[in-house]
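Reviewing the structure listed below.
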Number of protein chains: 2
Amino acid sequence: MINAAITLLRKKGLKPTQQRLAIYQALMTSRDHPHAQKIYRKVRKKHVTISLNTVYNTLEAFKRAGLIGSVKVLHDESARYDPTVDPHNHIVCMKCKKVTDLFEKKLLRIPTPSEIGGEFKIMGYRVEFFGYCRVCAGASP
Amino acid sequence: MINAAITLLRKKGLKPTQQRLAIYQALMTSRDHPHAQKIYRKVRKKHVTISLNTVYNTLEAFKRAGLIGSVKVLHDESARYDPTVDPHNHIVCMKCKKVTDLFEKKLLRIPTPSEIGGEFKIMGYRVEFFGYCRVCAGASP
DNA sequence: TCCTAAATAGTAATAATTACTAATTGTAAA
DNA sequence: TTTACAATTAGTAATTATTACTATTTAGGA
Ligand SMILES: [Mn+2]
Ligand SMILES: [Mn+2]
Ligand SMILES: [Zn+2]
Ligand SMILES: [Zn+2]
């Protein structure tokens, strides 16, 4: 609901502008970790004059507020945005670049390698699988 | 030794030019996963007229031949090159972006999440730790 | 030595992201 | 409700890593 989004943005100190609400909706209803460009095209259907820069600014503001996440995967240059902030990992198709969530709990409890010793203060880690999705595995290389 | 490099490049069907040998030496004697730019600056001390484009072309050719690897980490835009091709993982300093090897064997045997089911043909995975190196952990945020 | 495909240097083009700036807008106080 | 002003936006320019293009050079076999 739109009012919930307004309240949420206000709570984070972000003015709930039309643009921000549209971008928030666009990302939250995505299951494919879209690029900024894709969100831009989606939002522009209603907000014809929105600028790509605003999309970037808004997504970064959402990220700083902890409302969304972002993913950078191998085999794909540009940044993807993630409506899910709960800890999870990803698997990427090396051909079509589709990024799929992995909520497997075992991946969230990997012990810190003793090899690291006292050399690093660990803040986190990520696991990224790569391979071919069902569609691409069946197609020609 | 230089003759070993010449033999190796020939075996891979790559002409052992002066430029390629210099780039190969520069990377092999690096422990810091350098960017193309850094290799370029290093090699240019001897090969004054080498072009950055040649550095990129050469590194990509080496990669295709399986002589080197590359790494793209979070918190750092550009590609890094890796003299080590044996399977291993990395830890990245979120401040100074230093990339350190992790050869811990446990990280090489993570089971494929059942969650993936038959949806993906897995080709591999990587684990990437992030945090702060000893130098940056002691400094101001 | 000569020939040819491969490699190189120099430069232009591309693409994602960030920076800049004048105009617009949300909101809180008057 | 109006006003004032900082935050936000649109439009555009700048930046940066990487790739593309092309004329020239070079390695290595005939
Ligand atoms: Mn995700
Ligand atoms: Mn490495
Ligand atoms: Zn695919
Ligand atoms: Zn550091």
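What you see below is based on every heavy atom in this structure, not just the backbone, and it leaves out hydrogens, waters and symmetry mates. The sequence lines fix the lettering, A, B, ..., with proteins before strands; numbering per chain opens at 1. Everything quoted here is computed from the prediction, not taken from an experiment.
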Contact state string [nucleotides 15-22 of chain D, B base, S sugar-phosphate only, - no protein heavy atom under 4.0 Å]: --SSBBB-
Contact letters for nucleotides 22-30 of chain C, in which S counts primed atoms plus P, OP1 and OP2 and B counts the base, heavy atoms under 4.0 Å: ----BS---
A/Q25: partners by side-chain hydrogen bond (donor to acceptor under 3.5 Å, both in side chains), with sequence neighbours left out: none
B/S30: partners by side-chain hydrogen bond (donor to acceptor under 3.5 Å, both in side chains), with sequence neighbours left out: B/K42
For residues 69-83 of chain B, tabulate all N or O donor-acceptor pairs below 3.5 Å that involve a side-chain atom, not counting sequence neighbours.
from  : atom 1 : to    : atom 2 : distance (Å)
B/S70 : OG     : B/K63 : NZ     : 3.0
B/K72 : NZ     : A/E77 : OE1    : 2.9
B/D76 : OD2    : B/H35 : NE2    : 3.0
B/D76 : OD2    : B/R80 : NE     : 3.0
B/D76 : OD2    : B/R80 : NH2    : 3.1
B/E77 : OE1    : A/K72 : NZ     : 3.0
B/R80 : NH1    : B/D32 : O      : 3.3
B/R80 : NH1    : B/H33 : O      : 2.8
B/R80 : NH2    : B/K97 : O      : 3.1
B/Y81 : OH     : B/E60 : OE2    : 3.3
B/D82 : OD1    : B/T84 : N      : 2.9
B/D82 : OD2    : B/H33 : NE2    : 3.2
B/D82 : OD2    : B/H88 : NE2    : 3.1
B/D82 : OD2    : B/H90 : NE2    : 3.1

Rounded to whole angstrom units, what separation is found between the [atom1] atom of [X] and the [atom2] atom of [N]?
X     : N      : atom1 : atom2 : value
A/I50 : D/dG11 : CD1   : C1'   : 13 Å
A/Y40 : C/dA16 : OH    : C1'   : 14 Å
B/L9  : C/dA7  : CG    : P     : 11 Å
A/Q19 : D/dA7  : CD    : C1'   : 12 Å
A/H47 : D/dG11 : NE2   : C1'   : 18 Å
B/K12 : C/dA7  : NZ    : P     : 15 Å

Any A/R20 side-chain N or O less than 4.0 Å from OP1/OP2 of D/dA7: no
Distance test, side-chain N/O of A/T54 to OP1/OP2 of D/dA10, below 4.0 Å: yes
Residues which pass ring pair (Phe, Tyr, Trp, His ring centres under 6.0 Å) with A/Y56, listed by chain and number, not counting sequence neighbours: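 With sequence neighbours excluded, A/Y56 shows a ring pair (Phe, Tyr, Trp, His ring centres under 6.0 Å) to no residue whatsoever.
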Check: B/A26 main-chain N/O paired with B/T29 side-chain donor or acceptor under 3.5 Å: yes
CD on B/E115 to NZ on A/K105, rounded to 0.5 Å: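 Atom-to-atom, A/K105:NZ and B/E115:CD are 9.5 Å apart.
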May I have the list of side-chain donor-acceptor pairs in residues 116-125 of chain A shorter than 3.5 Å, sequence neighbours left out?
from   : atom 1 : to     : atom 2 : distance (Å)
A/E119 : OE2    : B/R134 : NH2    : 3.2
A/Y125 : OH     : A/L107 : O      : 2.7
A/Y125 : OH     : A/L108 : O      : 3.3
A/Y125 : OH     : A/R109 : N      : 3.3
A/Y125 : OH     : A/I110 : N      : 2.9

For residues 8-24 of chain A, tabulate all N or O donor-acceptor pairs below 3.5 Å that involve a side-chain atom, not counting sequence neighbours.
from  : atom 1 : to    : atom 2 : distance (Å)
A/K12 : NZ     : A/A65 : O      : 3.4
A/T17 : OG1    : A/R20 : N      : 3.1
A/R20 : NH1    : A/K15 : O      : 3.1

Pairs satisfying side-chain hydrogen bond (donor to acceptor under 3.5 Å, both in side chains), at least one member in residues 43-53 of chain A, at least two apart: A/Y40-A/R44, A/S51-A/T54, A/N53-A/N57
